[in-house]
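Some notes on the structure that comes next.
We're numbering straight along the sequence, starting at 1. Since we're looking at a predicted model, the values are computed, not measured.
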Amino acid sequence: MELKSKIEMAEKRRRELVNRLLAEGTDSWRLFHGVAEGHPGLTIDKYGPLILAQSFRKPLTESEIAFLTERYGDFLVYNHRGAKRERFAFHQPETVALEAVTARELGLEYHIEARHRGIDPYLFLDLRCGRRWLRDQVKGRTVLNVFAYTCGLGVVAASSGASEVWNVDFSASALEVGRQNFVKNGLPLEPHRFLQEDYFAAIWQLSGIGVKGKRARRSFRKLSARRFDLVLLDPPARAKGSFHTVDLVNDYQSVFKPALLCCAPGGTILATNNVGSVEREEFAEVLLRCAEKAGRPLRALQWLVPDEDFPSFDGQPPLKVALCEVG
Ligand SMILES: C[S@@+](CC[C@H](N)C(=O)[O-])C[C@H]1O[C@@H](n2cnc3c(N)ncnc32)[C@H](O)[C@@H]1O
C-alpha cells in the first residue's frame, strides 16, 4: 500500500479521538504512527499549525517528501533522525514552518520549534495520558518533576494547583524552554523551581541517601533531604551522566529507589519506561521488587495507556506509564 493510503487510513482511525482532543483543548497529536500503521520508521506529528515528519531508519524518498509537501503545505518540516549532518539535509522547509509555534494541549500552551539544537520535539505527545491524569491529582500538593525536559508535566502540575513544583534536569536549554512554557501559561516561576542538576546528584540528596565516595568531590548544588507528595519520573532510555548512568533496560532500580525514598507516605510516583523491548509485566516486577527492598512497598500499581494516536496492535505500547502508590 502507498504511503498516501496508509496516512488516509490513519486519519480515519483518529476521527473520534480528534473530536475528543479538540473538545478538551488539544490541537496537537500524532497523525501517523508508522510502526503500527504500515510504515515503520516514520512518524508524523501535528503541533498546532506545524506538521513535523520524522524518519528514524532510512530517509524518505524524494517522491514521499513531495507527497507530504503537497498534503500538508507550508507548515511541513521533515527531519531525518540519522547522523547529525543528515538531520536537516533532506528538506528545506518554508521560513514560516521554522518559526516557533504554539501547541495546545488540555487547554495549556507549549513552545515548539521544529528544528533546534536537540533531536527531540519539545513535547512528547504520547505522555499526554500522564499529563491528563496529573490534572486531578495535584491540588495543594508538592511535586518533584525529574528528567523534566521542557517541563510539560511541570506546567500541568503548576496550572492545576500544585503548591510547589520542582523541575530537575541537567539541560539548561531544556529548562529554559520549560520556564518559557510557565510564562506562556501565565504561571508564576516561584515558588516553583527549575533546578539544573544531574538527577542522581539531586535525588540522592533529596532522598537522604547522600552523594558518597569520590562522587562527593564533584561539583553539585547542595540540597537538604525532603519528601514530595508526587514524584514524576519520566527518564530517557539511556543517558550517561557524571554521577551514574540511566539504563532503563538493565537498571531501573537505580532510578526508582531514590525516587521512592523521596515520595511522602501515601504519595504517588508516575514512573515511565519507554523501552519497547521491556514488557509491562517485567517493568511491574522491577517496580514492585524494588519498592519492597527499599522498605517502601507499593500499596497499588495502576497503568495509564497512551491515547489512540499511538496505536499498538499487539497491546504492548512502548511507553509504559505506571502509577505507583507508595506506602
Ligand atoms: C525523555 S526526556 C524527559 C521528558 C520529560 N519528562 C517530559 O515530560 O517531556 C529526557 C530528559 O532527561 C534529561 N536527562 C538525562 N539524563 C539526565 C541526568 N542524569 N540528570 C538530569 N537530567 C537528565 C535530558 O536532559 C532530557 O531533558
Side-chain angles (χ1 to χ4, degrees), residues 4 6-39 42-54 68 71-78 97 100-114 120-138 145 149-161 177-178 180-182 184-187 232 234 270 272 274 302-313 315-321 323:
K4 180 172 185 284
K6 294 174 192 167
I7 289 178
E8 282 170 0
M9 271 178 68
E11 195 179 303
K12 254 193 222 148
R13 265 191 216 116
R14 285 160 176 68
R15 275 197 193 134
E16 238 181 75
L17 170 72
V18 165
N19 287 336
R20 271 186 278 134
L21 292 177
L22 291 172
E24 65 180 6
T26 297
D27 69 3
S28 304
W29 56 84
R30 176 149 292 185
L31 294 165
F32 185 67
H33 190 53
V35 68
E37 300 190 288
H39 200 113
L42 174 66
T43 62
I44 307 176
D45 294 321
K46 167 176 152 50
Y47 288 98
L50 172 72
I51 304 294
L52 178 64
Q54 300 180 87
L68 293 184
R71 184 176 179 91
Y72 295 117
D74 290 354
F75 272 98
L76 173 77
V77 177
Y78 162 52
V101 298
T102 296
R104 291 186 174 73
E105 188 190 82
L106 304 167
L108 295 168
E109 299 194 345
Y110 297 92
H111 174 91
I112 302 292
E113 289 171 53
D120 290 319
Y122 280 157
L123 189 68
F124 288 101
L125 297 174
D126 50 354
L127 196 54
R128 185 191 308 120
C129 59
R131 292 186 287 270
R132 188 184 289 118
W133 169 83
L134 188 59
R135 294 185 305 181
D136 302 324
Q137 310 298 322
V138 290
N145 179 26
Y149 190 43
T150 53
C151 306
L153 288 161
V155 165
V156 175
S159 75
S160 303
V177 176
Q180 277 188 52
N181 282 333
F182 268 63
K184 220 171 163 56
N185 288 286
L187 298 167
L232 309 174
D234 175 35
L270 178 155
T272 71
N274 63 6
Q302 289 179 320
W303 300 94
L304 297 177
V305 180
D307 287 346
E308 301 95 288
D309 50 340
F310 287 82
S312 73
F313 299 127
Q316 291 276 348
L319 179 67
K320 293 154 289 287
V321 185
L323 303 175

**OP:** Look up atom CZ in Phe75 and atom CG in Leu52, then write down how far apart they are to the nearest 0.5 Å.
**Re:** 13.5 Å
**OP:** Go through the steps for Leu68 and Ile44 under the test side-chain contact (heavy atoms from CB on, under 4.5 Å), then give the verdict.
**Re:** CA-CA 10 Å; Leu68 293 184; Ile44 307 176; 3.9 Å; yes
Original post:
Hey, does the side chain of Ser160 reach the backbone of Ala157 with a donor-acceptor pair shorter than 3.5 angstrom?
Top reply: no
Original post:
Are the side chain of Thr272 and the backbone of Val321 linked by a donor-acceptor contact shorter than 3.5 Å?
Top reply: no
Original post:
How close do Leu134 and Leu153 get, heavy atom to heavy atom, and via which atoms?
Top reply: CD2-O, 3.3 Å
**OP:** From the options Arg128, Arg13, Arg30, select the one residue that forms a salt bridge (Lys or Arg N to Asp or Glu O under 4.0 Å) with Asp309.
**Re:** Arg128
**OP:** Verify, without hydrogens or angle tests, whether Asn145 (side chain) and Cys151 (backbone) share a donor-acceptor contact under 3.5 angstrom.
**Re:** no
Original post:
Which of parallel (below 30°), tilted (30 to 60°) and perpendicular (above 60°) describes Phe32 and His39?
Top reply: perpendicular
**OP:** Ignoring hydrogens and angles, tell me if any N or O in the side chain of Asp27 forms a donor-acceptor pair with the backbone of Arg104 under 3.5 Å.
**Re:** yes
Original post:
What are the two closest heavy atoms between Ala10 and Leu31, and how far apart are they?
Top reply: CB-O, 3.5 Å
**OP:** Search all heavy atoms of Ala97 against all heavy atoms of Ala114 and return the closest pair with its distance.
**Re:** O-CB, 4.0 Å
**OP:** Drop me the distance from Thr43's OG1 to Glu37's CD, to the nearest 0.5 angstrom.
**Re:** 11.0 Å
**OP:** Among Asp45, Ile112, Leu76, find the residue that satisfies the side-chain contact (heavy atoms from CB on, under 4.5 Å) test when tested with Leu50.
**Re:** Ile112
Original post:
For the side chain of Asn185 and the backbone of Glu109, is there at least one donor-acceptor N/O pair under 3.5 Å apart?
Top reply: yes
**OP:** Kindly compute the distance separating OH (Tyr78) from CG (Leu42), expressed to the nearest 0.5 Å.
**Re:** 8.0 Å
**OP:** I would like to know whether Tyr47 and Leu125 meet side-chain contact (heavy atoms from CB on, under 4.5 Å); could you show each step before the answer?
**Re:** CA-CA 9 Å; Tyr47 288 98; Leu125 297 174; 3.7 Å; yes
Subject >> Beyond-backbone contact of Trp29 with Asp307, side-chain heavy atoms, under 4.5 angstrom >> reply: no
**OP:** For Leu123 and Glu105, work out which heavy atoms get closest and say how close.
**Re:** CD2-OE2, 4.1 Å
Original post:
OG1 of Thr102 to NZ of Lys184: how many Å apart, nearest 0.5 Å?
Top reply: 2.5 Å
**OP:** Determine the minimum heavy-atom distance between Gly152 and Tyr110, stating which atoms define it.
**Re:** O-OH, 3.5 Å
Original post:
Which atom pair, heavy atoms only, marks the closest approach of Leu304 to Gly130?
Top reply: CD1-CA, 3.7 Å
**OP:** Take Trp133 and Leu323, measure what side-chain contact (heavy atoms from CB on, under 4.5 Å) needs, and give me the verdict at the end.
**Re:** CA-CA 10 Å; Trp133 169 83; Leu323 303 175; 3.3 Å; yes
Original post:
Can you tell me if Ser28 uses its side chain to pair, donor with acceptor, with the backbone of Ala103 under 3.5 Å?
Top reply: no
**OP:** Could you walk me through whether Trp303 and Lys320 pass the side-chain contact (heavy atoms from CB on, under 4.5 Å) test, one step at a time?
**Re:** CA-CA 7 Å; Trp303 300 94; Lys320 293 154 289 287; 4.1 Å; yes
Original post:
Can you find a side-chain donor-acceptor pair between Glu113 and His111 that sits under 3.5 Å?
Top reply: yes
**OP:** Check the pair Lys12, Glu8 against salt bridge (Lys or Arg N to Asp or Glu O under 4.0 Å), reporting the backbone distance first and the verdict last.
**Re:** CA-CA 6 Å; Lys12 254 193 222 148; Glu8 282 170 0; over 6 Å; no
Subject >> Given Arg14, Arg15, Arg20, the one that forms salt bridge (Lys or Arg N to Asp or Glu O under 4.0 Å) with Glu308 >> reply: Arg20
**OP:** Look up atom CG in Asp234 and atom CZ in Phe124, then write down how far apart they are to the nearest 0.5 Å.
**Re:** 7.5 Å
**OP:** To the nearest 0.5 Å, tell me how far Asp126 CG sits from Ser312 OG.
**Re:** 11.5 Å
